[in-house]
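The chains referred to below are lettered A, B, ... by the order of the sequence lines, with proteins before strands, and numbering in each begins at 1.
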Amino acid sequence: QVRLEQSGPEVMKPGASMRVSCKASGYTFTDYHIYWVRQTPGQGLEWMGRINPTSGGTNSAQKFDGRVTMTGDAAISTAYLELNSLKSDDTAVYYCARDFLRIGVPGITWFDLWGQGTLVTVAS
Amino acid sequence: IQMTQSPSSLSASIGDRVTITCRASQNVNKYLNWYQQKPGRAPKLLIYAASTLQSGVSSRFSGSGSGTEFTLIISNLQSEDFATYYCQQTYNTWTFGLGTKVEVK
(Lines give C-alpha, C1' and ligand atoms only; values in the text may rest on other atoms or scores of the structure.)
Protein backbone atom coordinates (compact mmCIF):
# COMPACT_ATOMS: atom_id res chain seq x y z
CA GLN A 1 0.00 0.00 0.00
CA VAL A 2 1.36 3.37 -1.04
CA ARG A 3 1.37 5.74 1.89
CA LEU A 4 3.11 8.45 3.84
CA GLU A 5 3.10 7.99 7.60
CA GLN A 6 3.94 10.99 9.76
CA SER A 7 5.17 11.23 13.32
CA GLY A 8 2.87 12.06 16.18
CA PRO A 9 1.75 15.38 17.68
CA GLU A 10 4.21 17.62 19.47
CA VAL A 11 4.00 20.41 22.01
CA MET A 12 6.91 22.81 21.80
CA LYS A 13 8.09 25.86 23.69
CA PRO A 14 8.62 29.17 21.90
CA GLY A 15 12.17 29.41 20.63
CA ALA A 16 12.58 25.66 20.42
CA SER A 17 13.04 23.54 17.29
CA MET A 18 10.61 20.95 15.99
CA ARG A 19 11.16 17.91 13.81
CA VAL A 20 8.46 16.03 11.93
CA SER A 21 9.11 12.80 10.09
CA CYS A 22 7.38 11.35 7.05
CA LYS A 23 7.94 7.69 6.25
CA ALA A 24 7.15 6.52 2.75
CA SER A 25 6.08 3.00 1.90
CA GLY A 26 4.80 1.16 -1.13
CA TYR A 27 6.94 3.02 -3.66
CA THR A 28 10.55 3.95 -4.33
CA PHE A 29 11.21 6.86 -1.98
CA THR A 30 14.00 8.33 -4.08
CA ASP A 31 11.88 8.56 -7.23
CA TYR A 32 9.67 11.47 -6.14
CA HIS A 33 10.00 14.86 -4.50
CA ILE A 34 8.51 15.22 -1.04
CA TYR A 35 6.80 18.51 -0.20
CA TRP A 36 5.96 20.04 3.15
CA VAL A 37 2.72 21.99 3.58
CA ARG A 38 1.32 23.47 6.74
CA GLN A 39 -2.13 24.53 7.80
CA THR A 40 -2.52 26.98 10.65
CA PRO A 41 -5.71 26.91 12.74
CA GLY A 42 -8.64 27.97 10.63
CA GLN A 43 -6.38 28.93 7.75
CA GLY A 44 -5.53 27.55 4.39
CA LEU A 45 -2.67 25.50 3.07
CA GLU A 46 0.81 26.98 2.92
CA TRP A 47 3.64 25.44 0.94
CA MET A 48 6.87 25.39 2.94
CA GLY A 49 9.36 23.57 0.76
CA ARG A 50 10.36 20.39 -0.97
CA ILE A 51 13.20 17.91 -1.00
CA ASN A 52 14.65 15.72 -3.68
CA PRO A 53 15.30 12.51 -1.72
CA THR A 54 17.88 11.38 -4.24
CA SER A 55 20.16 14.40 -4.23
CA GLY A 56 19.10 15.97 -0.95
CA GLY A 57 18.50 19.21 -2.80
CA THR A 58 15.84 21.45 -1.34
CA ASN A 59 13.71 24.46 -2.22
CA SER A 60 11.94 26.43 0.46
CA ALA A 61 9.42 29.23 0.50
CA GLN A 62 11.07 32.56 1.13
CA LYS A 63 9.00 33.03 4.28
CA PHE A 64 10.84 30.14 5.95
CA ASP A 65 14.35 30.81 4.67
CA GLY A 66 16.86 30.40 7.46
CA ARG A 67 14.42 28.62 9.76
CA VAL A 68 13.57 25.46 7.86
CA THR A 69 15.68 22.40 7.15
CA MET A 70 14.47 19.49 5.08
CA THR A 71 16.38 16.23 4.97
CA GLY A 72 15.85 12.69 3.84
CA ASP A 73 17.16 9.27 4.78
CA ALA A 74 16.83 7.00 1.78
CA ALA A 75 17.85 3.93 3.80
CA ILE A 76 14.63 4.15 5.79
CA SER A 77 12.53 6.01 3.19
CA THR A 78 11.92 8.89 5.54
CA ALA A 79 11.85 12.64 5.06
CA TYR A 80 12.23 15.14 7.85
CA LEU A 81 11.12 18.71 8.37
CA GLU A 82 12.86 20.82 10.97
CA LEU A 83 11.70 24.30 11.90
CA ASN A 84 13.61 26.34 14.44
CA SER A 85 13.01 29.48 16.50
CA LEU A 86 9.40 28.45 16.91
CA LYS A 87 6.76 31.08 17.58
CA SER A 88 3.15 30.72 18.62
CA ASP A 89 2.00 31.32 15.07
CA ASP A 90 3.92 28.24 13.97
CA THR A 91 1.19 26.23 15.66
CA ALA A 92 -0.19 24.24 12.76
CA VAL A 93 -0.80 20.87 11.21
CA TYR A 94 2.21 19.96 9.10
CA TYR A 95 1.71 17.69 6.12
CA CYS A 96 4.13 15.91 3.84
CA ALA A 97 2.99 15.19 0.32
CA ARG A 98 4.37 13.43 -2.73
CA ASP A 99 4.79 14.86 -6.20
CA PHE A 100 2.85 13.00 -8.84
CA LEU A 101 5.67 13.21 -11.36
CA ARG A 102 8.89 11.27 -10.95
CA ILE A 103 11.94 13.42 -10.40
CA GLY A 104 13.26 14.70 -13.70
CA VAL A 105 10.01 14.26 -15.59
CA PRO A 106 8.70 17.62 -16.79
CA GLY A 107 5.09 18.61 -16.95
CA ILE A 108 2.05 19.62 -15.00
CA THR A 109 2.16 18.14 -11.55
CA TRP A 110 0.17 17.85 -8.36
CA PHE A 111 0.37 16.28 -4.93
CA ASP A 112 -1.09 12.82 -5.27
CA LEU A 113 -0.28 11.33 -1.89
CA TRP A 114 -0.46 13.01 1.52
CA GLY A 115 0.55 12.08 5.01
CA GLN A 116 -2.06 12.19 7.73
CA GLY A 117 -0.69 15.42 9.17
CA THR A 118 1.17 16.23 12.38
CA LEU A 119 -0.16 18.80 14.82
CA VAL A 120 2.57 20.92 16.32
CA THR A 121 1.49 23.23 19.12
CA VAL A 122 3.81 26.03 20.21
CA ALA A 123 2.95 27.30 23.66
CA SER A 124 4.72 28.41 26.80
CA ILE B 1 2.04 33.68 -7.72
CA GLN B 2 -1.00 34.57 -5.62
CA MET B 3 -4.13 32.46 -5.88
CA THR B 4 -7.45 34.10 -5.05
CA GLN B 5 -10.52 31.99 -4.50
CA SER B 6 -14.09 33.18 -4.38
CA PRO B 7 -16.27 33.00 -2.54
CA SER B 8 -14.48 32.23 0.72
CA SER B 9 -17.59 30.38 1.84
CA LEU B 10 -21.01 29.52 0.53
CA SER B 11 -24.18 27.86 1.73
CA ALA B 12 -25.86 25.31 -0.48
CA SER B 13 -28.47 22.58 -0.40
CA ILE B 14 -28.38 18.99 -1.51
CA GLY B 15 -28.88 18.87 -5.24
CA ASP B 16 -27.55 22.38 -5.88
CA ARG B 17 -24.97 23.28 -8.47
CA VAL B 18 -22.00 25.01 -6.86
CA THR B 19 -19.42 27.13 -8.64
CA ILE B 20 -16.06 28.08 -7.13
CA THR B 21 -13.64 30.42 -8.86
CA CYS B 22 -9.88 30.61 -8.60
CA ARG B 23 -7.87 33.46 -10.06
CA ALA B 24 -4.08 33.47 -10.45
CA SER B 25 -2.06 36.68 -10.20
CA GLN B 26 -0.23 35.67 -13.38
CA ASN B 27 -0.54 33.10 -16.10
CA VAL B 28 -0.28 29.52 -14.82
CA ASN B 29 -1.32 27.89 -18.10
CA LYS B 30 -3.16 24.73 -17.02
CA TYR B 31 -0.95 24.07 -13.99
CA LEU B 32 -3.96 24.23 -11.71
CA ASN B 33 -5.28 21.58 -9.35
CA TRP B 34 -8.26 21.32 -7.03
CA TYR B 35 -8.34 19.57 -3.65
CA GLN B 36 -11.11 18.79 -1.21
CA GLN B 37 -10.45 18.81 2.51
CA LYS B 38 -12.68 17.65 5.31
CA PRO B 39 -12.07 18.50 8.98
CA GLY B 40 -9.21 16.57 10.50
CA ARG B 41 -8.22 15.04 7.17
CA ALA B 42 -5.51 15.64 4.64
CA PRO B 43 -6.46 17.26 1.34
CA LYS B 44 -7.68 14.94 -1.37
CA LEU B 45 -6.96 15.59 -5.04
CA LEU B 46 -10.09 16.08 -7.12
CA ILE B 47 -8.95 17.60 -10.40
CA TYR B 48 -5.53 18.10 -11.94
CA ALA B 49 -4.30 20.05 -14.93
CA ALA B 50 -7.34 22.32 -14.63
CA SER B 51 -9.90 19.89 -15.98
CA THR B 52 -8.89 16.24 -15.56
CA LEU B 53 -10.83 14.29 -12.98
CA GLN B 54 -8.69 12.22 -10.64
CA SER B 55 -9.42 8.52 -10.79
CA GLY B 56 -12.15 7.53 -8.37
CA VAL B 57 -13.56 11.03 -8.00
CA SER B 58 -17.25 11.52 -8.70
CA SER B 59 -18.18 12.94 -12.08
CA ARG B 60 -20.25 15.55 -10.20
CA PHE B 61 -16.96 17.45 -10.03
CA SER B 62 -15.67 19.29 -13.05
CA GLY B 63 -13.00 21.87 -13.68
CA SER B 64 -12.28 24.34 -16.41
CA GLY B 65 -10.12 27.29 -17.29
CA SER B 66 -6.59 28.19 -18.25
CA GLY B 67 -4.24 31.10 -17.87
CA THR B 68 -5.50 33.04 -14.86
CA GLU B 69 -9.16 32.08 -14.46
CA PHE B 70 -10.36 28.69 -13.29
CA THR B 71 -13.62 27.21 -12.14
CA LEU B 72 -14.62 24.19 -10.09
CA ILE B 73 -18.21 23.09 -10.46
CA ILE B 74 -19.99 20.63 -8.23
CA SER B 75 -23.22 19.53 -9.80
CA ASN B 76 -26.01 17.85 -7.85
CA LEU B 77 -24.35 18.56 -4.49
CA GLN B 78 -24.36 15.59 -2.13
CA SER B 79 -23.93 15.42 1.64
CA GLU B 80 -20.37 14.13 1.33
CA ASP B 81 -19.42 17.23 -0.71
CA PHE B 82 -19.70 19.63 2.23
CA ALA B 83 -16.04 20.46 2.74
CA THR B 84 -13.42 23.06 1.97
CA TYR B 85 -12.00 23.29 -1.53
CA TYR B 86 -8.58 24.60 -2.47
CA CYS B 87 -7.01 25.46 -5.76
CA GLN B 88 -3.27 25.05 -6.22
CA GLN B 89 -0.93 26.30 -8.93
CA THR B 90 2.22 24.36 -9.74
CA TYR B 91 3.49 26.57 -12.57
CA ASN B 92 5.92 28.51 -10.42
CA THR B 93 6.48 27.01 -6.98
CA TRP B 94 3.36 25.50 -5.47
CA THR B 95 0.87 27.92 -3.93
CA PHE B 96 -2.67 27.35 -2.75
CA GLY B 97 -5.72 29.54 -2.60
CA LEU B 98 -7.20 30.31 0.79
CA GLY B 99 -10.05 27.90 0.27
CA THR B 100 -13.80 27.91 -0.20
CA LYS B 101 -15.89 26.34 2.51
CA VAL B 102 -19.10 24.74 1.26
CA GLU B 103 -21.63 24.62 4.07
CA VAL B 104 -25.15 23.37 4.50
CA LYS B 105 -27.81 25.97 3.85
Side-chain angles (χ1 to χ4, degrees), chain A residues 2-9 20 22 24 32-52 57-65 68 70 92-103 105-119, chain B residues 1-9 20 22 24 27-57 61 63 65-67 70 72 83-101 103:
Chain A
V2 179
R3 64 183 297 188
L4 297 173
E5 183 74 21
Q6 296 184 223
S7 49
V20 176
C22 171
Y32 301 86
H33 285 103
I34 290 288
Y35 294 79
W36 291 95
V37 176
R38 78 177 186 180
Q39 186 166 36
T40 50
Q43 299 300 309
L45 301 164
E46 181 176 32
W47 171 73
M48 299 181 68
R50 76 168 182 178
I51 181 168
N52 177 329
T58 61
N59 306 94
S60 60
Q62 190 171 11
K63 173 178 180 176
F64 301 102
D65 279 349
V68 68
M70 291 166 286
V93 176
Y94 291 79
Y95 292 101
C96 59
R98 188 186 76 169
D99 199 330
F100 169 74
L101 291 176
R102 290 177 184 263
I103 292 171
V105 175
I108 299 174
T109 194
W110 51 91
F111 299 170
D112 69 336
L113 181 67
W114 294 69
Q116 82 276 21
T118 297
L119 174 62
Chain B
I1 298 177
Q2 305 300 316
M3 306 303 293
T4 303
Q5 284 183 239
S6 60
S8 57
S9 65
I20 298 170
C22 178
N27 178 30
V28 298
N29 200 322
K30 288 203 162 199
Y31 288 62
L32 192 285
N33 311 308
W34 290 97
Y35 299 84
Q36 176 194 66
Q37 187 181 33
K38 295 183 177 179
R41 305 293 297 273
K44 170 190 171 184
L45 179 70
L46 296 176
I47 287 171
Y48 59 89
S51 59
T52 304
L53 198 65
Q54 169 72 339
S55 175
V57 173
F61 294 92
S66 67
F70 301 88
L72 173 70
T84 301
Y85 295 85
Y86 295 93
C87 61
Q88 175 203 34
Q89 67 82 21
T90 60
Y91 186 79
N92 184 340
T93 69
W94 304 269
T95 49
F96 294 86
L98 291 180
T100 296
K101 186 173 184 179
E103 300 176 298

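Residue A:F100: no heavy atom, backbone or side chain, is found under 4.5 Å from chain B. For A:V93, no part lies under 4.5 angstrom from a heavy atom of chain B. Contacts between B:Q37 and chain A at a heavy-atom distance below 4.5 Å involve the side chain alone, from C-beta outward. B:K101 does not touch chain A: none of its heavy atoms, backbone or side chain, sits under 4.5 Å away. Neither the backbone nor the side chain of B:Y91 comes within contact range of chain A; no heavy atoms are under 4.5 Å apart.
Of the listed residues (A:Q39, A:Q116, A:E46), the greatest number of heavy-atom pairs within a distance under 4.5 Å of chain B belongs to A:Q39. Ranked by heavy-atom pairs shorter than 4.5 Å toward chain A, the options B:L32, B:T90, B:T84 are led by B:T90.
Counted by atom type alone, B:Q89 and B:Y31 present zero donor-acceptor pairs between their side chains at under 3.5 Å. At a cut-off of 3.5 Å, with distance as the only test, no side-chain donor of A:R98 or A:Y32 sits close to an acceptor on the other residue. Side chain to side chain, B:Y48 and B:Q54 fail the donor-acceptor criterion of an N or O pair below 3.5 Å.
Aromatic ring centres of A:W47 and B:F96: separated by at least 6.0 Å.
Two residues are said to be in side-chain contact when any heavy atoms from C-beta on lie closer than 4.5 Å; A:L4 and A:W114 fail this criterion.
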**Message:** Run the ring pair (Phe, Tyr, Trp, His ring centres under 6.0 Å) test on B:W34 and B:Y86 for me, step by step, so that the C-alpha distance in whole Å, both residues' side-chain angles and the decisive distance to 0.1 Å come before the verdict.
**Reply:** CA-CA 6 Å; B:W34 290 97; B:Y86 295 93; 9.7 Å; no
